[in-house]
There are 2 protein chains.
Amino acid sequence: MDNNLDSFFGAMADPTRRAVIERLTRGPAPVSELHAPHDIALPSFLKHLKVLEAAGLVRSEKIGRVRTVHIEAAPLATAEAWLNRQRRGWSRRLDRLEQLAAADNDPQQKDTP
Amino acid sequence: MDNNLDSFFGAMADPTRRAVIERLTRGPAPVSELHAPHDIALPSFLKHLKVLEAAGLVRSEKIGRVRTVHIEAAPLATAEAWLNRQRRGWSRRLDRLEQLAAADNDPQQKDTP
DNA sequence: GGATTACTTAGCCATATGGATAACAATTTG
DNA sequence: CAAATTGTTATCCATATGGCTAAGTAATCC
C-alpha cells in the first residue's frame with residue numbers, strides 16, 4: 001500500500017492502468033492475459049502493474065511460473081467517498097445560495113416600488 | 001476541458017490541487033487567497049491552477065486585477081460514477097461467488113455420506 | 001535435458017511534472 | 001503620479017514517468 005489518495009489518483013491517471021482495473025473487476029487474471037490487449041512491451045506493462053500494486057489497488061501471488069493478479073476494492077471505495085464528500089460540500093453551498101435567492105423578496109432595495 | 005478521466009485523475013493526484021478543490025467547495029475565491037495556505041511560490045501555484053482548469057475542474061474569470069476561481073462539479077460526478085461502476089462490477093462478481101458457495105451443499109461429492 | 005513459457009531485472013531515452021527565480025504587465029491606492 | 005497589489009510570462013532545474021531493448025531466471029513440456 002502507500003499514502004492513499006496521492007498514489008491512488010496517480011495510479012488511475014493512465015488509460016492502460018484503468019483498463020487493467022476494469023478487466024480485474026471481472027475476476028483475477030494472470031499477467032500474460034492482462035498484458036495481451038495492450039500494445040506495449042511486457043516490461044513496460046509490468047511497470048503499470050507495479051504502480052497499481054504500490055497504490056494498493058491490486059494484489060498478486062505467483063504460483064509456479066504464473067503470477068495471478070486480483071483487484072482490491074477498498075481503495076476504490078475510499079476515493080469514491082472523498083469525491084462524494086467534495087460534491088456534497090459543494091451542493092450544500094448551492095442549497096444555501098438558493099435559500100438566499102429565495103429570501104431576496106424584500107430587503108433594502110429602493111428602486112422597486 | 002480535455003479528454004476526461006486521464007486529465008481528471010491526473011489533476012487529483014496532487015495534494016496541493018486536492019486542497020484547492022476542497023477549499024473551492026466552500027465557495028469561489030481569488031488566486032491570492034487560494035495560494036496563501038500553500039508554502040510554494042506563486043508561479044508554481046499558478047501551474048496547479050492551470051492543471052485544474054485544463055482538466056475542466058475549475059473555471060476562473062479576471063475582473064480588475066483579481067482573478068476569481070470557482071469549482072466545476074460535473075467532472076467530480078463523472079469520476080465518481082466511473083469508480084462506482086467498477087466497484088459494482090466487482091461486487092456483482094462477489095455475489096456470484098457467494099451463490100456458487102451457497103450451492104455447494106449437494107453436487108458430485110462422494111466423501112460426505 | 002533442451003526448448004518453451006512466463007515473467008524479471010537492468011539499463012537507456014525522451015518527455016512531463018513540480019518547484020524556483022527574475023522580470024514584466026495591469027490595477028488600484030495614497 | 002508613485003507605490004503597492006495581484007497576477008503573468010519566461011527560463012531553468014531536478015526528478016518522475018512511460019516506453020524500449022537486452023539479457024536473465026524459474027517452471028513446464030517434449
Side-chain angles (χ1 to χ4, degrees), chain A residues 1-24 27-71 75, chain B residues 1-24 27-71 75:
Chain A
M1 181 96 53
D2 199 57
N3 68 310
N4 7 353
L5 294 172
D6 259 48
S7 56
F8 172 83
F9 283 121
M12 304 309 278
D14 179 285
T16 299
R17 292 194 290 257
R18 284 198 306 280
V20 168
I21 291 298
E22 288 184 331
R23 166 62 188 80
L24 288 179
V31 168
S32 50
E33 184 185 325
L34 291 173
H35 170 235
H38 303 287
D39 199 18
I40 67 180
L42 216 214
S44 311
F45 182 76
L46 281 189
K47 282 198 197 172
H48 287 299
L49 284 186
K50 291 229 181 88
V51 170
L52 288 173
E53 199 148 10
L57 274 166
V58 132
R59 208 163 290 192
S60 72
E61 53 271 339
K62 190 167 183 176
I63 175 171
R65 61 187 172 182
V66 173
R67 175 174 295 279
T68 301
V69 185
H70 62 92
I71 201 176
Chain B
M1 182 96 54
D2 198 60
N3 68 310
N4 326 355
L5 293 174
D6 258 49
S7 56
F8 172 84
F9 283 121
M12 304 308 278
D14 179 286
T16 298
R17 293 193 291 258
R18 284 198 307 280
V20 169
I21 291 298
E22 288 184 330
R23 164 64 188 79
L24 288 178
V31 168
S32 51
E33 184 184 328
L34 291 175
H35 169 233
H38 302 286
D39 198 19
I40 66 180
L42 217 213
S44 312
F45 183 76
L46 281 189
K47 281 198 198 174
H48 288 299
L49 284 186
K50 292 228 180 89
V51 170
L52 288 172
E53 199 147 13
L57 274 166
V58 132
R59 208 164 292 191
S60 71
E61 54 270 339
K62 189 167 184 175
I63 175 171
R65 61 185 171 182
V66 172
R67 177 174 294 278
T68 302
V69 185
H70 62 92
I71 200 175

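Scope of the values below: all heavy atoms of this structure, side chains included, with no hydrogens, waters or symmetry mates. Here is how names work: the chains are called A, B, and so on, in the same order as the sequence lines, proteins then strands, and each is numbered from 1.
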Worksheet item: Going by distance alone, is a donor N or O of one side chain under 3.5 Å from an acceptor N or O of the other, for B:H48 and B:R17?
Response: yes
Close N or O pairs between protein and nucleotides 27-30 of chain C (under 3.5 Å):
| from | atom 1 | to | atom 2 | distance (Å) |
| --- | --- | --- | --- | --- |
| C:dT27 | O2 | B:R65 | NH1 | 2.7 |

Worksheet item: Among C:dA6, D:dG7, D:dG19, which nucleotide sits nearest the side chain of A:I40?
Response: D:dG19
Fill in: Proximity to the side chain of A:A41 - top-ranked nucleotide from C:dT9, D:dG18, D:dC20
D:dC20
To the nearest Å, how far apart are [X] [atom1] and [N] [atom2]?
X	N	atom1	atom2	result
A:K47	D:dA16	NZ	C1'	10 Å
B:E53	D:dG7	CD	C1'	13 Å
A:L49	C:dA6	CG	P	16 Å
A:D6	C:dT17	CG	P	15 Å
A:H35	C:dC7	NE2	P	11 Å
A:L42	D:dC20	CG	P	11 Å
B:E33	D:dG7	CD	P	10 Å
B:D14	C:dG18	CG	P	5 Å

Worksheet entry | Heavy-atom check, side chain of A:R59 versus side chain of A:I71, under 4.5 Å | no
Worksheet item: How close do A:A11 and A:L52 get, heavy atom to heavy atom, and via which atoms?
Response: CB-CD2, 4.2 Å
Item to complete: Kindly determine whether A:E53 and A:S60 satisfy side-chain hydrogen bond (donor to acceptor under 3.5 Å, both in side chains), including the steps that lead there.
Response: CA-CA 8 Å; A:E53 199 148 10; A:S60 72; 3.2 Å; yes
Item to complete: State whether the side chain of A:H35 and the backbone N or O of A:I40 hold a donor-acceptor pair below 3.5 Å, judged by distance alone.
Response: yes
Discussion item. I'd like to know if the side chain of A:R67 and the backbone of A:V31 have a donor-acceptor N/O pair within less than 3.5 Å.
Written reply: no
Worksheet item: Which sits closer to the 5' end of DNA chain D, B:P30 or A:S44, going by the nucleotide each is nearest to?
Response: B:P30
Respond yes when some side-chain nitrogen or oxygen of [X] is under 4.0 Å from OP1 or OP2 of [N], and no when none is.
X	N	result
B:H48	C:dG19	yes
A:K62	C:dT8	yes
A:S32	C:dC7	yes

Worksheet entry | Test side-chain contact (heavy atoms from CB on, under 4.5 Å) applied to B:I21 and B:V58, step by step | CA-CA 8 Å; B:I21 291 298; B:V58 132; 4.3 Å; yes
